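All heavy atoms count here, side chains included; hydrogens, waters and symmetry mates do not. Note that the numbering runs from 1 along the sequence shown for the chain. Ligands are counted one by one from 1 in listed order, and the atoms in each one are counted from 1 as well. Computed from a prediction, not measured in an experiment: that's the story for all the values here.
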Amino acid sequence: MKVVYLDNNATTRTAPEVVEAMLPYFTDLYGNPSSMHLFGGQLAKPLNRAREEVAALIGADPSEIVFTSCGTESDNAAIWGVLHSYPQKRHIITTRVEHPAVGNLVTYLSKKGYKVTLLPVDREGLLKPEQLAEAITDETALVSIMWANNETGVLFPIETLAHIAKSRGVLFHTDAVQAVGKIPIDLSRVPVDLLSFSGHKLHAPKGIGVLYIRKGTPFTPFIIGGHQEKGRRGGTENVPYIIGLGKACEMARKHLVEENRRIRKLRDKLEEGILQSIPRVIINGSRKERLGNTLSISFEYVEGESILMHLSNLGICASSGSACTSGSLEPSHVLRAMGVPFTAAHGSIRFSLSVYNTEEDIDYVLEHLPSVIRRLREISPFWEKGESARSA
Ligand code: PLP
């Protein structure tokens, strides 16, 4: 069966070049970098090179890169690390549309007595920088705002937001898990203090993440142990994965602009094709301020899960904007925060592309999706009622 993988915001294929770069570090070069003997010593150079590649992708200094196990750990380390450094400050500002790696953590913190401000977004998923300025108080320890939304691809104006926080003397963290490798990032220009990202979103394996900590940022380690990562994250370095991430970052940096232009064209072709062939669809999120690889689209009066199952039977992998909670399908918190109508939020699908997608992939989806939606609407009682209500 033909397989068309369009769920790259969930995870990406590990690039064959990345796998190849990693392999010797499982077999011959398996030492512990802390060991004094030959096996440890020979790892210093390749680890440094990988750190340099990771730093180069985001315009950082290699000393500002801390390797972690995933994006979630990086987000937790950033938030806890700052809160522990400012125990007297008990206020955090974030948004209503963060990934659970930040969203569920701040919910937990609010139960522990922290004051949490959740900035709202508008119908396009955008937020107003003035709202951040208004929310900052003397109590604010940290602002944490994602760079790109994982569901809609909507981009927040991180440079402006970080300047606002900086001008008020408040530290700024961004969850850039969906942004790194997809848009150019230059931290020598953008004054964020902490930034998280994750290897498996940019063709490195799962199990490796990065926390960028700007020089001079107060930070208490989240994982306390050995002296690794200059005391900022204990635990023996995951050498093969760090090497793999270095390779993935090198590839992303070299091909970012041209590949993302190509991917954006494919995404736009998919979007236009759907709009032309299927009635009653809604694009979720700003079409202007959006990642080039992401398309969140709602098909009114059908359920996202049913669409996914039909697509999956055709070998097409995407994801839906609903979460199955206590047996009922709840539209995602992101779509709810944007005020997407219930009938549309339920039928939302996210397509997310990568460097491995081709024109044929998009043609294949456009060939099959209209009939999937038509068939599902034919058996949907809501479609009938919705259509007759509109024509009445
Ligand atoms: N933040 C965002 C925006 C994400 O999309 C994800 C993963 O989907 C994460 C954090 C968590 O990253 P990880 O899966 O590496 O823990």
Worksheet item: Charged N to carboxylate O below 4.0 Å: is that the case for Lys247 and Glu250?
Response: yes

Worksheet item: Would you call the rings of His84 and Trp80 parallel, tilted or perpendicular if under 30° counts as parallel and over 60° as perpendicular?
Response: parallel

Does ligand 1 have any N/O atom under 3.5 Å from a protein N/O, and what are those pairs and their distances?
residue, atom, partner, partner atom, Å
ligand 1, 1 (N), Asp175, OD1, 3.2
ligand 1, 1 (N), Asp175, OD2, 2.6
ligand 1, 5 (O), Gln178, NE2, 2.8
ligand 1, 8 (O), His99, NE2, 3.4
ligand 1, 8 (O), Lys201, NZ, 2.5
ligand 1, 14 (O), His200, NE2, 3.0
ligand 1, 15 (O), Gly71, N, 2.8
ligand 1, 15 (O), Ser198, OG, 2.6
ligand 1, 15 (O), His200, NE2, 3.3
ligand 1, 16 (O), Gly71, N, 3.4
ligand 1, 16 (O), Thr72, N, 2.9
ligand 1, 16 (O), Thr72, OG1, 2.6

Worksheet item: Side chain of Lys201, backbone of Asn9: donor and acceptor closer than 3.5 Å?
Response: yes

Fill in: Which residues share a salt bridge (charged side-chain N to carboxylate O under 4.0 Å, His left out) with Lys128, sequence neighbours left out
none

Item to complete: Just jot down the side chain to side chain donor-acceptor pair (under 3.5 Å) partners of Tyr114, sequence neighbours excluded, or say none.
Response: Arg90

Discussion item. Checking Tyr30 now: which residues fulfil ring-ring contact (aromatic ring centres under 6.0 Å, His included) with it, not counting sequence neighbours?
Written reply: Phe39

